[in-house]
2 protein chains.
Amino acid sequence: MERNGQAKASRWDELATDWCPVARALSVIGDRWTILIVRDCFLGKSRFDEFQKSLGVTRHVLAARLKQLVEDGVLERNAYSQKPVRYAYKLTDKGRDFAPALVGLKDWGKKHMPIRKPAAV
Amino acid sequence: MERNGQAKASRWDELATDWCPVARALSVIGDRWTILIVRDCFLGKSRFDEFQKSLGVTRHVLAARLKQLVEDGVLERNAYSQKPVRYAYKLTDKGRDFAPALVGLKDWGKKHMPIRKPAAV
DNA sequence: AATCCTCCGTTCAGAAAAGGAACCTACACT
DNA sequence: AGTGTAGGTTCCTTTTCTGAACGGAGGATT
């Protein structure tokens, strides 16, 4: 998160320069919530509170992930209303290109992770 | 990690019962290292130290991820040598089925995350 | 006009996870 | 006896996440 000055390069940041394209991809979207945010974008969601309610992620983390996604060019943030200033996060071309990977995940989940009832209380 | 008794259901565990197959998939492989371990398996790696050297992940985390992957049926752990007892982690059918998703990630990384030189010192 | 509500965050303290390094067991080699 | 390899485990420190509260700006409600 500390992009100022010369923040310590975490093992994560190192992935961005890995020889393997999978690793480089993960350096951007290799986080649980990040992928789900992108999924929500494909499902038409675009606002902070929509993501928050849909995912149940803490607002803190959501804000950080959205910021990073914009920085990485996966999403763009524009004001869709000026009077009460409101922002919408939309997929860029780069973000939309993520569709095939998402489909891969979806198919795998569909096949190998059958729906289970939440543990009864 | 606390599978004993009734460990607190983290937001993560809840993903396993999500309506969305992508979320359910992520509940198993939605971790940076986990996906890279699976990638390494596709590249022919199978031993603890191979993963560790390849990924640079701490042994602590690697042990936890491998254990979870075996528990989730993505990998299986067999002794390939008895005299000095040595183990190999191999993809199961479930694990092999992850190939398309991995290819999706690879293609995206290849297209949108060009190789960059590590920051010069 | 005062209060409530929505949207988009930020801040803070405590809990959980990751990182780094050392340690351990078992066997083989020299 | 000492060194090396494989597969972990343990311990302590640092980082990140969670949960809940707070804030500000602009409607909408009463």
Side-chain angles (χ1 to χ4, degrees), chain A residues 1-15 26-27 30-37 40-41 45-71 75-90, chain B residues 1-15 26-27 30-37 40-41 45-71 75-90:
Chain A
M1 217 91 312
E2 301 304 330
R3 291 277 181 207
N4 46 349
Q6 213 57 352
K8 71 234 60 200
S10 79
R11 227 162 259 314
W12 255 133
D13 297 324
E14 291 171 24
L15 284 186
L26 290 175
S27 76
D31 171 88
R32 328 165 169 265
W33 299 121
T34 302
I35 298 183
L36 290 175
I37 291 169
D40 270 6
C41 288
K45 298 193 168 63
S46 68
R47 301 210 306 277
F48 191 95
D49 274 25
E50 284 183 300
F51 297 129
Q52 208 274 314
K53 288 192 183 74
S54 156
L55 304 178
V57 63
T58 61
R59 309 176 74 77
H60 185 67
V61 169
L62 177 58
R65 294 294 180 279
L66 285 172
K67 190 174 174 186
Q68 194 63 49
L69 280 167
V70 170
E71 228 174 76
L75 300 183
E76 50 187 8
R77 174 184 187 260
N78 324 88
Y80 68 88
S81 154
Q82 287 302 342
K83 292 313 301 141
V85 62
R86 295 275 184 275
Y87 298 101
Y89 294 88
K90 299 280 185 136
Chain B
M1 217 91 310
E2 300 302 333
R3 291 281 181 203
N4 46 349
Q6 213 57 350
K8 72 239 55 209
S10 80
R11 228 160 257 315
W12 254 135
D13 297 324
E14 292 170 24
L15 285 185
L26 290 175
S27 76
D31 170 88
R32 331 167 171 262
W33 299 122
T34 302
I35 298 183
L36 290 176
I37 292 169
D40 270 7
C41 288
K45 297 195 169 61
S46 68
R47 301 210 306 279
F48 191 95
D49 275 24
E50 284 184 300
F51 297 129
Q52 209 273 314
K53 288 191 183 73
S54 157
L55 304 179
V57 62
T58 61
R59 308 176 73 75
H60 186 68
V61 169
L62 177 57
R65 294 294 179 278
L66 285 172
K67 190 174 173 187
Q68 194 63 48
L69 280 168
V70 170
E71 229 174 75
L75 300 183
E76 51 187 8
R77 174 183 186 260
N78 325 86
Y80 68 89
S81 154
Q82 287 303 340
K83 293 312 300 137
V85 62
R86 296 275 183 273
Y87 299 101
Y89 293 89
K90 298 283 185 133

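The sequence lines fix the lettering, A, B, ..., with proteins before strands; numbering per chain opens at 1.
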Quick tally for nucleotides 24-30 of chain D: nucleotides whose base has a protein heavy atom under 4.0 Å get B, sugar-phosphate-only ones S, the rest -, giving --SS---
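When distances are taken from the side chain of Tyr80(A) to each of dT18(D), dG20(C), dC8(C), the shortest belongs to dC8(C). Checked against dT18(D), dG9(C), dG19(C), the side chain of Val61(B) finds its nearest nucleotide in dG19(C).
Contact of the Gln68(B) side chain with the Arg65(B) side chain is not registered, since no non-hydrogen atoms from C-beta on lie closer than 4.5 Å. Inter-residue side-chain proximity for Leu15(A) and Leu36(B) is flagged as met; some heavy-atom pair is nearer than 4.5 Å. Looking only at side-chain heavy atoms (C-beta outward), Val57(B) and Phe51(B) stay at 4.5 Å or farther from each other.
Across every non-hydrogen atom of Tyr89(A) and Cys41(A), the tightest pair is O-SG, 4.4 Å. Across every non-hydrogen atom of Leu66(B) and Phe48(B), the tightest pair is CD1-CD1, 3.7 Å.
Taking atom CG on Leu62(B) and atom C1' on dG8(D), their separation rounds to 10 Å, with Å as the unit. To the nearest angstrom, P of dA18(C) lies 15 Å from CD of Gln52(B). One interatomic measurement links the two molecules: CG of Leu55(A) to C1' of dG9(C), which rounds to 16 Å at whole-angstrom precision. One interatomic measurement links the two molecules: CD of Gln68(A) to P of dT16(D), which rounds to 11 Å at whole-angstrom precision. Taking atom OH on Tyr87(A) and atom C1' on dG9(C), their separation rounds to 11 Å, with Å as the unit. Residue Asp49(B) contributes atom CG, which lies 9 Å from atom P of dG8(D) at whole-angstrom precision. Taking atom CD on Glu50(B) and atom P on dA6(D), their separation rounds to 9 Å, with Å as the unit. One can place CZ of Arg59(B) at 16 Å from C1' of dC11(D), the figure rounded to the nearest angstrom.
Applying the salt bridge (charged side-chain N to carboxylate O under 4.0 Å, His left out) rule to pairs touching residues 49-63 of chain B yields Asp49(B)-Lys53(B), Asp49(B)-Arg59(B), sequence neighbours excluded.
Qualifying side-chain hydrogen bond (donor to acceptor under 3.5 Å, both in side chains) partners for Thr34(B), counting only residues two or more places apart in sequence or in other chains: Asp31(B). The side-chain hydrogen bond (donor to acceptor under 3.5 Å, both in side chains) search around Tyr80(B) returns Arg47(B), not counting sequence neighbours.
Residue-level contact check: Phe51(A) touches neither bases nor backbone, having no heavy atom under 4.0 Å from any strand.
A close approach under 4.0 Å does not occur between any side-chain nitrogen or oxygen of Arg47(B) and OP1 or OP2 of dG8(D). Taking 4.0 angstrom as the limit, Tyr89(A) places a side-chain polar atom (N or O) nearer than this to OP1 or OP2 of dG9(C). Considering only side-chain N and O atoms, Trp33(A) lies nowhere under 4.0 angstrom from the phosphate OP1 or OP2 of dT16(D). Within the structure, a side-chain polar atom (N or O) of Arg77(A) is placed less than 4.0 Å from OP1 or OP2 of dG9(C).
To the nearest 0.5 Å, atom CD1 of residue Ile35(B) and atom CG of residue Leu26(A) are 5.0 Å apart. Atom CH2 of Trp33(A) is separated from atom OG1 of Thr58(A) by 8.0 Å, given to the nearest 0.5 angstrom.
Between its opening and closing five pairs, the helix from dA1(C)-dT30(D) to dT30(C)-dA1(D) changes axis direction by 10°, a value rounded to 10 degrees.
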